[in-house]
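Shown next, in structure tokens, is the structure this report addresses.
Just so it is clear: chains get the letters A, B, ... in the order the sequence lines come, proteins before strands, and each one is counted from 1. Values in this document were obtained by computation on a predicted structure and should not be read as measured data.
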Number of protein chains: 2
Amino acid sequence: MPPRRPTQRDIAERAGVSTATVSYVLSGRRGGVKPPPPETRERVLRAVAETGYQLDHAGRSLRRQRTDVVALMYPAPSSPWSDRLAEELQVAAAERGFAVVALPVITSASGAAILRVLRQRYIDGAVLLPDCPLDGPELTALAAQGQALVVFDDDLEPDGFDVVRQHRSSACRAATERLIAAGHRRIAVLAHADDHGRPLADVKLRSHLDALAAHGIPADPGLIRPVADSRSDAYAAVRDLLRLPDPPTALLSATDRAAVDGIWAARDLGVDVPGGLAVIGIGNIPEGLMISPPLTTVGAAALDFSREVARLFERLDAPAALPGVELATPWELIVRASG
Amino acid sequence: MPPRRPTQRDIAERAGVSTATVSYVLSGRRGGVKPPPPETRERVLRAVAETGYQLDHAGRSLRRQRTDVVALMYPAPSSPWSDRLAEELQVAAAERGFAVVALPVITSASGAAILRVLRQRYIDGAVLLPDCPLDGPELTALAAQGQALVVFDDDLEPDGFDVVRQHRSSACRAATERLIAAGHRRIAVLAHADDHGRPLADVKLRSHLDALAAHGIPADPGLIRPVADSRSDAYAAVRDLLRLPDPPTALLSATDRAAVDGIWAARDLGVDVPGGLAVIGIGNIPEGLMISPPLTTVGAAALDFSREVARLFERLDAPAALPGVELATPWELIVRASG
DNA sequence: CTGAAAGCGCTTACAG
DNA sequence: CTGAAAGCGCTTACAG
């Protein structure tokens, strides 16, 4: 037996009704029209049970011109933030009969395939976390084609899609300023890596360099290490930095994870934190509260995406296209004990 | 202007050709038939560029009876393992023109919605990591309907789907046996939590209790804490355990993360690891190599899913349904310095 | 209350 | 080399 799935036509024949009736029973009727009476209903449901019929998504979404699927797109690897957003999205989606898929973006691999998911209407809408590889024109085009989009970005202008402002740049600058104000002049940086394994000049690193420049402090390239995405590399890098003849007195890390490893490296070398090395991370993950001393960091105060999720579904529910708006969930400097 | 997307019909009119030709240009022809000549091709591509036409996934997949999408399903939150598998899947999928979606299962929320993605043919196939909420009959039914499935499970029999054996139970038992052999009798356990916040009697906890029973060692319920999924709770739980009048001498944790926090709690209290507290985790995440002392753990030796991914695409490429097979990627006890 | 029929956007044998 | 036409599995105005 070939794996042919039964269709509504099979159910209709079996139940002695039309395919219209099958559809009415299974999916209801629009506009408050009465559903089929119990006897009809039961005949259909029996046929469904007997055959193991399952609705076919392609047929339905072609006809309805919607997929009832939303996506969450984020740069891999996942984080407590992306995990939390996935969860909130799933709860809200379940209430409305939507399914949620996650789209982790792996820089080297994903490219075209992941864009196809948005462009070719696999989904009705998406929340895009920061640093997804989509530019303004692309987002505008997607929005114009009807995709509901809520995009975390500090620079793009809303244009048929909504933009969530985090003001990451000023929050990151505040971290460096705090270190400078405390007298630090040699500040090591654990940065993200670019494709060539060099420090990535992203908003985090640029904010730091801007703050240094604003205070006339020269940046020492030797103190900038592209290890923020690897726990083991971060540990080793900080260990090496602390063994330098002229070691840094402070550490700014593009990720909280690497900052935590930096604290471990310092502790394992007997260097006091923050006395011997002040440490500030970026991201505000829950783990930062667990380390001793607790991690000073930069990030959103609360692990809460309810407004952004609600906005996505407002878009999805709206009868006509909504104009793009700005939402604000600003990052802040969260001072704890490590720096 | 309503956001009507152009269709191949629009492109055909604009280029003065038939929709068949448009499709041939955009999607090629089966069976080595020659593609349209350059002039035709160019007219079509120009119309595509002018209108911003994008293929519609619903139309194509309804006609082709396949979606060219595969999924990775895993219990949330994500882990280095699920991240790595997503990456490998994405690389393999990109080569074949498939898109990858991740389906994190959040126990409370997901249920029905996530099953719909499999049942209603949103996707052509999936890899299911351990502890996804699908039973044997369900998987058999999905496989019979043509879904390509590779399922991590130690108990299910393959039946139209493939099963990856990890032998988690015997590997976990080996961890407890090692502690017992080293003379430990009071072994604390950081377990997963069930829906009521009590220790979840999963394969990890059961293996531990079995090993204790086999050696006639009574289990002390007071030593079993449901904190394996929360870093902060794990730290606090271990701190409290170590302050007990009769503290445990060893710790087995259902997750490496919680084990690492346990080591931190011990170190912060001045308790030597493994001298004062032997610690063994489960999961073998890279972070376990970073802590001092390096974490003894239970898990797969390598962060490598190439065989499982290859098998999924074998299924997808096969002209007829393949019988289910067993693959083996056994977990092992990985002895490092912590216990 | 129910059914016949059109059509969503594609692909693909088939005819010319 | 290209087009007319059928059909994938649904949903839904409309007629009876």
Nearest whole angstrom, please: distance from the [atom2] of [N] to the [atom1] of [X].
| X | N | atom1 | atom2 | result |
| --- | --- | --- | --- | --- |
| B/Asp68 | C/dC10 | CG | P | 15 Å |
| A/Asp10 | D/dC10 | CG | C1' | 13 Å |
| A/Glu13 | C/dT2 | CD | C1' | 17 Å |
| B/Arg63 | C/dG9 | CZ | C1' | 11 Å |
| B/Leu26 | C/dT12 | CG | C1' | 15 Å |
| A/Arg121 | C/dC10 | CZ | P | 11 Å |
| A/Gln54 | D/dC10 | CD | C1' | 15 Å |
| B/Gln8 | D/dT2 | CD | C1' | 15 Å |

Closest approach of B/Arg119 and B/Leu142, non-hydrogen atoms and distance?
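Shortest heavy-atom separation between B/Arg119 and B/Leu142 comes out as CA-CD2, 3.8 Å.
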
Contact summary for A/Val164 and A/Asp154, nearest pair of heavy atoms
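Smallest interatomic distance, heavy atoms only, reads O-OD1, 4.4 Å.
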
Counting side-chain heavy atoms from CB outward, which of [options] is closest to [X]?
| X | options | value |
| --- | --- | --- |
| B/Arg29 | C/dT12, D/dT2, C/dG3 | D/dT2 |
| A/Gln65 | C/dG9, D/dT11, C/dT2 | C/dG9 |
| A/Ala20 | C/dT12, C/dG3, D/dG9 | C/dG3 |
| A/Pro36 | C/dG9, C/dT2, C/dA5 | C/dT2 |
| A/Asp56 | D/dC10, C/dT2, C/dT11 | D/dC10 |

I want to know whether A/Phe313 and A/Phe98 have ring centres closer than 6.0 Å.
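Yes, close enough.
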
Classify B/Ser27 by what it touches in the nucleic acid, base, sugar-phosphate, or nothing, heavy-atom distance under 4.0 Å.
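B/Ser27: backbone/sugar contact only, no base atoms under 4.0 Å.
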
Using the closest heavy atom to pick a nucleotide of DNA chain D for each, name whichever of B/Thr19 or B/Leu62 lands nearer the 5' end.
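Counting from the 5' end, the first nearest nucleotide belongs to B/Thr19.
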
Residue whose nearest DNA chain D nucleotide is more 5′ - A/Val22 or B/Tyr24
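Closest to the 5' end, via its nearest nucleotide, is B/Tyr24.
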
In plain terms, say whether [X] and [Y] are close enough for a salt bridge, that is, a side-chain N and a carboxylate O under 4.0 Å apart.
| X | Y | result |
| --- | --- | --- |
| A/Arg43 | A/Glu50 | no |
| B/Arg168 | B/Asp153 | no |
| A/Asp162 | A/Arg311 | yes |
| B/Asp68 | B/Arg66 | yes |

Can you tell me if the side-chain N/O atoms of [X] get under 4.0 Å from OP1 or OP2 in [N]?
| X | N | result |
| --- | --- | --- |
| A/Thr40 | C/dT2 | yes |
| B/Arg60 | C/dG9 | no |
| A/Ser23 | D/dT11 | yes |
| A/Ser18 | C/dG3 | yes |
| A/Thr21 | C/dG3 | yes |

Which dot-bracket string describes DNA chain C (Watson-Crick N1-N3 plus N6-O4 or O6-N4, or G-U N1-O2 and O6-N3, all under 3.5 Å; [ ] crossing; | other strand)?
|||.||||||||.|||

Under 3.5 Å, is there a donor on one side chain and an acceptor on the other for B/Arg60 and B/Ser27?
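Result is yes, a qualifying pair exists.
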
